[in-house]
Amino acid sequence: MTLRHDSGPTTSLSYAGSSDRRSVGRVLLLSARGGYDRSAVERLRLLGIDVHITTSSLAALGLIVDVDPEILWIDSTDDELTVGEILDAIKTPRQVRPISVVVSLDVSCTEPELELADGDEVLDLGASAANPSQLQHLIKVTRLERLVIRRENEILDSLPNALLVVDRQMTLWKVNRQVSELLEITDPDFRRKALGRPLAAGLTAAGLALDGDSPLPRLLRELERCVKSNGTRFRVKETIGDAEKLLSGIITPLEHSPELVLIDLRDISADERAVLVEARRERLATIGNLSVGVAHEIQNPNTFSRVNAANLKMMFEAVKPVLAHAAIASGGTLGNMSAETFVAKAQEAIAAVDMASRRIDAVLTTLKSFGRQDDGKLESVAIKPVVDESVMLVRHEARGKAEIHVVLPDSLPPVIASATGLSQVLVNLLQNSIHALEQKFETGSMGSAPAIHVVCEAVNEDEVILSVSDNGPGIPENLLDKIFRPYFTTKPQGQGTGLGLSISTDMMHRFGGDLTLRSRPGEGVTFYLKLRRQTESPVNE
């Protein structure tokens with residue numbers, strides 16, 4: 001047996017055997033008065049239990065990390081900390097790295113109000129050395145608890161996404177290796193340094209590089225907002241290292257520990273780029289489908305403008321010199337019409353040409369806006385103009401098939417979205433309703449006039465909810481869980497890509513909102529667009 005003695009203000013002694021002896025456990029013994037039973041310590045050592053001894057309660061807190069014992073044995077304390085204060089100090093570290101606490105009988109008598117945790121014991125050192133079964137059981141339980149945590153970490157590390165477990169106060173309790181890869185943390189011991197701390201402080205302690213005064217300000221702000229408001233998902237752009245990443249988070253409360261939530265964090269920068277490309281393709285396909293009807297919409301006023309603009313201008317200019325003479329000669333009339341009425345009619349014709357021209361401009365401008373590449377940037381968007389624009393895009397397609405009714409208050413607050421993206425979502429929903437109503441009309445099952453309603457369902461301090469509903473055939477119950485899947489469509493082959501609702505859902509999630517539906521067969525369908533109100537700068541982030 002070798003006795004090591006470290007002199008200094010916090011004296012630490014440890015007993016250890018030969019290096020080839022396999023340790024069956026480690027005990028950190030706090031004996032502030034130095035009156036511990038030396039023979040008992042030696043008997044424990046002969047059983048293969050390493051015993052480290054300190055005479056300072058403050059030093060004991062540090063040695064818990066350095067020695068990593070299965071058992072902290074408090075045999076006597078000093079004036080620095082009471083047993084209760086020691087237990088409070090190690091409460092959080094014990095949740096990260098389990099350790100059993102044993103208090104000697106004499107100490108428990110001096111603190112009668114002491115409350116030990118489940119599994120902690122009050123034991124006599126000499127008796128435990130003579131009959132160590134209870135002590136060995138505590139070591140075994142602690143090691144099993146650590147094994148469970150190690151297995152949990154191995155399972156978490158085997159999963160592809162970055163995973164964190166935090167409580168409602170944003171304390172970090174579990175984290176997997178993918179978090180360090182995603183956030184570019186290089187410290188191999190990052191888990192031990194991060195756990196048990198507030199999330200921002202834990203990541204900083206684990207070696208996350210700071211950019212400014214706080215780590216990942218946009219990500220952590222959005223994550224905390226969702227956790228405390230019981231949100232389920234979020235998206236945010238954050239600068240990590242030298243690159244800007246688009247991160248997506250899904251938040252799930254743990255079933256057996258509702259005070260904890262699991263955060264599934266992914267870098268979806270590449271996915272988002274693919275979605276934007278696919279959305280662009282879908283928009284172009286939509287424009288192609290609209291082009292036949294839009295061509296008719298443009299052709300009539302354009303022809304009217306082209307033929308009549310020249311005629312009206314020529315006629316009016318030609319009759320101007322004659323009008324005055326004719327009016328004088330005929331007593332102020334031109335045929336059955338007064339000169340004033342004639343001038344008014346001519347002016348109305350010219351105004352009609354102007355109106356037609358403006359109509360052409362409006363349609364072309366809307367089409368250009370709808371086909372413009374979406375750069376993914378979120379901004380403050382006024383809802384009503386986007387709705388009006390979307391309705392105008394599909395009105396020709398709805399003509400003779402359904403009436404579109406828009407009921408929106410004039411004072412709707414702005415929302416966080418992309419105007420182009422929100423227009424695409426609305427056009428997709430309106431077109432789906434038109435096609436559904438057309439199908440119901442063709443089968444002769446239309447009981448009431450076909451109609452589509454765009455309505456503001458609710459406005460609160462956080463959200464604005466719009467609905468797009470129709471009185472078409474509805475969606476069969478067995479298809480409700482498939483309707484948002486990519487490439488799923490109920491339309492005949494060649495008449496639909498099956499991407500409209502899938503892309504619309506992804507678009508709404510990118511806005512931080514959601515797209516849901518309610519439907520009963522024969523009673524139509526209602527889609528609900530939940531959008532975040534604009535209360536601060538959009539998170540583009």
Side-chain angles (χ1 to χ4, degrees), residues 156-166 170 172 174-188 190-191 193-195 197-229 231-252 261-280 373-379 416-418 420-421 486 502-503 505-514 532 536-541:
L156 289 175
D157 287 344
S158 70
L159 298 175
N161 297 342
L163 301 173
L164 308 93
V165 174
V166 301
M170 300 305 296
L172 181 62
K174 291 190 182 298
V175 66
N176 69 348
R177 184 180 61 248
Q178 283 68 25
V179 171
S180 66
E181 295 174 357
L182 177 65
L183 303 183
E184 300 182 8
I185 298 174
T186 58
D187 191 337
F190 80 98
R191 199 185 324 250
K193 294 179 179 179
L195 297 185
R197 298 171 178 263
L199 183 55
L203 294 177
T204 302
L208 181 70
L210 287 178
D211 182 14
D213 297 331
S214 61
L216 307 178
R218 290 172 287 189
L219 170 61
L220 297 186
R221 183 178 69 244
E222 191 69 10
L223 197 158
E224 183 174 5
R225 181 189 69 80
C226 283
V227 169
K228 294 189 175 180
S229 64
T232 58
R233 60 177 67 238
F234 66 90
R235 291 189 181 196
V236 63
K237 284 185 179 178
E238 186 62 85
T239 302
I240 300 174
D242 297 327
E244 185 178 67
K245 297 181 180 181
L246 178 62
L247 304 177
S248 171
I250 298 176
I251 301 174
T252 307
V261 296
L262 173 68
I263 301 165
D264 182 331
L265 194 62
R266 295 190 301 136
D267 178 7
I268 60 168
S269 303
D271 295 344
E272 183 71 6
R273 286 191 293 270
V275 167
L276 290 174
V277 170
E278 195 61 49
R280 172 66 173 170
Q373 177 79 35
D374 188 349
D375 61 3
K377 185 177 181 179
L378 302 186
E379 56 190 2
I416 297 175
S418 156
T420 301
S502 173
I503 290 175
T505 303
D506 288 339
M507 194 75 70
M508 292 299 297
H509 289 168
R510 185 164 67 83
F511 299 163
D514 203 2
R532 285 191 295 162
E536 56 183 10
S537 298
V539 182
N540 284 312
E541 327 143 311

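Take D506 and apply the side chain to side chain contact (heavy atoms under 4.5 Å, CB included) test, not counting sequence neighbours, and it matches V275, S502. The salt bridge (Lys or Arg N to Asp or Glu O under 4.0 Å) check on D264 picks up nothing, with sequence neighbours excluded. Legend: residues meeting side chain to side chain contact (heavy atoms under 4.5 Å, CB included) with R191, ordered by chain and number and at least two apart, are N153, D157, V175, L195. Under the side-chain hydrogen bond (donor to acceptor under 3.5 Å, both in side chains) criterion, E224 pairs with K228, not counting sequence neighbours. Residues that satisfy the side chain to side chain contact (heavy atoms under 4.5 Å, CB included) test with A205, not counting sequence neighbours, are R197. Partners of R266 under the salt bridge (Lys or Arg N to Asp or Glu O under 4.0 Å) rule, at least two apart in sequence or in another chain, are D271. With sequence neighbours excluded, the residues forming a side chain to side chain contact (heavy atoms under 4.5 Å, CB included) with S269 are K245, L246, D267, R273, listed by chain and number.
Between L182 atom CG and L219 atom CG the span is 8.5 Å, to the nearest 0.5 Å. To the nearest 0.5 Å, atom CG of residue L247 and atom CD1 of residue I240 are 5.0 Å apart. The CD atom of E238 lies 5.0 Å from the CZ atom of R218; values are rounded to the nearest 0.5 Å. Going from atom CG of L163 over to atom CG of N176 covers 4.5 Å, rounded to the nearest 0.5 Å.
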What do the steps show when you test L265 against V179 for side-chain contact (heavy atoms from CB on, under 4.5 Å), and what is the final call?
-> CA-CA 8 Å; L265 194 62; V179 171; over 6 Å; no
Is there a side-chain contact (heavy atoms from CB on, under 4.5 Å) between S418 and R510 once you walk through the steps?
-> CA-CA 9 Å; S418 156; R510 185 164 67 83; 4.3 Å; yes
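A donor-acceptor pair under 3.5 Å is absent between the side-chain atoms of Q178 and the main chain of P160, judged by distance alone. Under the 3.5 Å distance criterion, the side-chain polar atoms of E222 are left unmatched by any main-chain donor or acceptor of V236.
Taking both residues in full, the closest heavy atoms of I185 and A206 are given as CG2-O, 3.1 Å, listed atom of the first, atom of the second, then distance. Nearest approach of F511 to L378, heavy atoms of both residues: CD2-CD2, 3.6 Å.
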